There are 2 protein chains.
Amino acid sequence: MVSKKYIIRLCRYRNVLYRLKSMGFMRVVSNNLADATDVTALQVRKDFSLAGITGNKKGGYRVDELIEKLNQILGKNEIQKVILVGVGKIGIALMYYKGFEEEGIKIEAAFDIDPQKYGKQKDIPVLPLERLRDFVKTNNIKTGIITVPDMAAQQVFNLMISSGIKGVLNFAPIKLRSTPDIVINNVNLVMELENLIYFVNTGERNKGEIL
Amino acid sequence: MVSKKYIIRLCRYRNVLYRLKSMGFMRVVSNNLADATDVTALQVRKDFSLAGITGNKKGGYRVDELIEKLNQILGKNEIQKVILVGVGKIGIALMYYKGFEEEGIKIEAAFDIDPQKYGKQKDIPVLPLERLRDFVKTNNIKTGIITVPDMAAQQVFNLMISSGIKGVLNFAPIKLRSTPDIVINNVNLVMELENLIYFVNTGERNKGEIL
DNA sequence: GTATTTTTGTGAAAAAAATCACATATATAT
DNA sequence: ATATATATGTGATTTTTTTCACAAAAATAC
Ligand SMILES: NC(=O)c1ccc[n+]([C@@H]2O[C@H](COP(=O)([O-])OP(=O)(O)OC[C@H]3O[C@@H](n4cnc5c(N)ncnc54)[C@H](O)[C@@H]3O)[C@@H](O)[C@H]2O)c1
Ligand SMILES: NC(=O)c1ccc[n+]([C@@H]2O[C@H](COP(=O)([O-])OP(=O)(O)OC[C@H]3O[C@@H](n4cnc5c(N)ncnc54)[C@H](O)[C@@H]3O)[C@@H](O)[C@H]2O)c1
């Protein structure tokens, strides 16, 4: 059983590795990765050790091998399909963001209740909410993003889950009522900012929470 | 020295308390707060104990008193001024978001290098980047949000810090080079999604990382 | 007015995560 | 070939965070 923090560190290593690879690096030592990801070299090695990844006593790790292993662990070898509900300000920002596709994540469709939104954004179809269930089943989608107003979030969530979705990235600052088999990651930007402001005001050092 | 997680829990309690208050509640027991915030009742009491907040052995905590204490600890008794740099898709979404003001956070101004963006968004002035330093000093701003393209983030960060900013909420998925006295909270949405997908794919239960 | 129930509060214990200490392998230099 | 420097790898240790166990206070019931 692994923790979220651990997986996020693996993702970070992977990101850095791709950049190193594109720069022509063949090998990398734990120290390089540590510098680039804000963890200690020891933590890097421990993580790899735990992940069953092994390097050379001198000369560190082979970049290609590392990427391959991490991709395997992180399930990055096929494109990950997601849907999005709520084609508003933040939803549209996400739909136009190129960063997801670069990581093999594709927003296959978006849904809204406002007919004015139907059509396309970028190359992503925007469909009526009623078509969600069918779309999710047909395309075997397992992951959804919620960017609807707070009041609508629970109801959209319920629809998603009953349609077969297993994991939700939720931008509404509410606690979704759910069951333990569903994975929910909440993005609460107000809280991120409140938190930041707290540490700024008190002058206390935020001990480098990852992410 | 407190951790980020701890402060975030306090923020969550506070949110729930405001809602309870608006519903007319005068008192609350640790169990209620626990249910609403996805932590255990014990954790709630421990947190309060640590924060020097004390309740009644029966009848729990006074809502008003709790809110007051939490506001005090979290520095919520005055409006928190922030600036934003990068009036693009995500920057604009944030500028139009009402959730910040509801929590006493005000985006005082935004900055960009594209003259087409100058003017206003909602009621927030959008100014040339060159005016940042002056604005920050004059208005004694301590907190900034970075929503510029990845390539520009470090440079904008440097400008912010050299202008007197002490804390940054960074949306660019890069590691900002900084010094230990500066607080940085990174929001990495790709990683949130990658992480979610990992737990969906493996069927492992993500042990409820807060936030 | 005494017993019972409810709920806080905290020192102690357990669990989880990070770090240390050091053994081990391998490349490079001499 | 031997010594030296560089890095990994892991059991042990420390630190941090959460949970347990139970005492104490206050309301309610009998
Ligand atoms: N905008 C931000 O910067 C920001 C920041 C943090 C959190 N959020 C949260 O993100 C969510 C969306 O914010 P926004 O600013 O993009 O809002 P928005 O009003 O711009 O967009 C909401 C969209 O959801 C659609 N919608 C409403 N009810 C729906 C339903 N039942 N089913 C499907 N679609 C529905 C609306 O038609 C609209 O297109 C909110 O919960 C908000 O709290 C936004
Ligand atoms: N859009 C998203 O959903 C999303 C999601 C995750 C992360 N991000 C990150 O947020 C950042 C912004 O993304 P976006 O989609 O809003 O981009 P965008 O291109 O829509 O907007 C960027 C804005 O920054 C301005 N800008 C560029 N260089 C600048 C500089 N040196 N100083 C000041 N302003 C400058 C541009 O004029 C533009 O207005 C990126 O780092 C991106 O990786 C965005």
Side-chain angles (χ1 to χ4, degrees), chain A residues 1-13 16-17 20 25-66 69-70 195 199 204-211, chain B residues 1-13 16-17 20 25-66 69-70 195 199 204-211:
Chain A
M1 177 50 192
V2 299
S3 73
K4 176 169 173 178
K5 275 168 110 169
Y6 170 69
I7 294 299
I8 286 185
R9 284 200 302 271
L10 296 191
C11 287
R12 292 174 106 81
Y13 302 147
V16 172
L17 285 163
L20 290 176
F25 281 65
M26 299 301 279
R27 315 193 67 86
V28 64
V29 302
S30 55
N31 235 300
N32 303 152
L33 285 173
D35 287 344
T37 53
D38 245 352
V39 302
T40 65
L42 183 60
Q43 178 93 68
V44 173
R45 295 203 299 277
K46 191 78 170 188
D47 285 341
F48 286 171
S49 175
L50 249 63
I53 294 173
T54 163
N56 291 41
K57 294 287 178 175
K58 194 155 179 168
Y61 303 83
R62 294 244 332 279
V63 172
D64 278 335
E65 201 178 311
L66 221 39
K69 283 267 189 137
L70 288 174
N195 187 263
F199 284 101
E204 267 189 276
R205 262 210 230 354
N206 173 357
K207 26 183 178 166
E209 193 78 6
I210 212 165
L211 195 89
Chain B
M1 176 52 193
V2 299
S3 75
K4 176 170 174 178
K5 276 169 112 169
Y6 170 70
I7 294 299
I8 285 185
R9 283 200 303 271
L10 296 191
C11 287
R12 292 173 106 83
Y13 302 147
V16 172
L17 286 164
L20 290 176
F25 280 64
M26 299 301 279
R27 314 193 68 86
V28 65
V29 302
S30 56
N31 235 299
N32 304 151
L33 285 173
D35 287 345
T37 52
D38 246 352
V39 302
T40 65
L42 184 61
Q43 179 94 70
V44 173
R45 295 204 298 279
K46 191 76 170 188
D47 284 344
F48 286 171
S49 174
L50 250 64
I53 293 173
T54 164
N56 291 41
K57 293 286 179 174
K58 195 153 178 168
Y61 302 84
R62 293 243 333 278
V63 172
D64 278 335
E65 201 179 310
L66 265 183
K69 283 267 190 136
L70 287 174
N195 186 263
F199 284 101
E204 265 189 278
R205 265 212 229 353
N206 172 357
K207 29 181 178 168
E209 193 79 5
I210 214 165
L211 194 91

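Computed from a predicted model, the values in this text were never measured in an experiment. Note on naming: letters A, B, ... go to the chains in the order of the sequence lines (proteins, then strands), and numbering restarts at 1 for each one.
Comparing dG9(D), dT10(D), dT10(C) by their closest approach to the side chain of L42(B) singles out dT10(C). Of the candidate nucleotides dA18(C), dT10(C), dA12(D), dA18(C) has the atom lying nearest to any side-chain atom of K5(A). Of all nucleotides listed (dT6(C), dT26(C), dA24(D)), dT26(C) comes nearest to the side chain of K58(A). When distances run from any side-chain atom of R9(A) to the nucleotides dA18(C), dT19(C), dG9(D), the shortest one goes to dA18(C). Considering only side-chain atoms of K57(B), the nucleotide from dT19(C), dT18(D), dA26(D) that sits closest is dA26(D). In this structure, the nucleotide among dG9(C), dA12(D), dG11(C) sitting nearest to the side chain of Y61(B) is dG9(C). Residue S3(A) places its side chain closer to dA17(C) than to any other of dA12(C), dG9(C), dA17(C).
Residues from residues 27-35 of chain A that place a heavy atom under 4.0 Å from any atom of DNA chain D, listed by number: V29(A), S30(A).
The phosphate of dG9(C) has neither OP1 nor OP2 within less than 4.0 Å of any side-chain N or O from R45(B). Close to dT8(D), at under 4.0 Å from its OP1 or OP2, lies no side-chain N or O of T54(A). A sub-4.0 Å separation between OP1 or OP2 of dT10(D) and a side-chain N or O of S49(A) is present.
The distance from atom CZ of F48(B) to atom P of dT10(C) is 14 Å, rounded to the nearest whole Å. Here dT18(D) presents its P atom at 13 Å from CG of D38(B), a figure rounded to the nearest Å. Atoms CZ (R62(B)) and P (dA26(D)) sit 15 Å apart, rounded to a whole Å. As a whole-Å value, the separation of K46(B) NZ from dA15(C) C1' is 14 Å.
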Exercise for the section: Report the C-alpha distance between L66(B) and Y13(B) in whole Å, list the side-chain angles of each, state the deciding distance to 0.1 Å, and finish with yes or no for side chain to side chain contact (heavy atoms under 4.5 Å, CB included). Expected result: CA-CA 9 Å; L66(B) 265 183; Y13(B) 302 147; over 6 Å; no
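Two residues are said to be in side-chain contact when any heavy atoms from C-beta on lie closer than 4.5 Å; T37(B) and R9(B) fail this criterion. N56(A) places a side-chain heavy atom less than 4.5 Å from the side chain of R27(A).
Between G59(A) and A41(B), it is A41(B) whose nearest contact on DNA chain C lies nearer the 5' terminus.
Here the side chain of D35(A) pairs no donor or acceptor atom with the backbone of N32(A) at under 3.5 angstrom.
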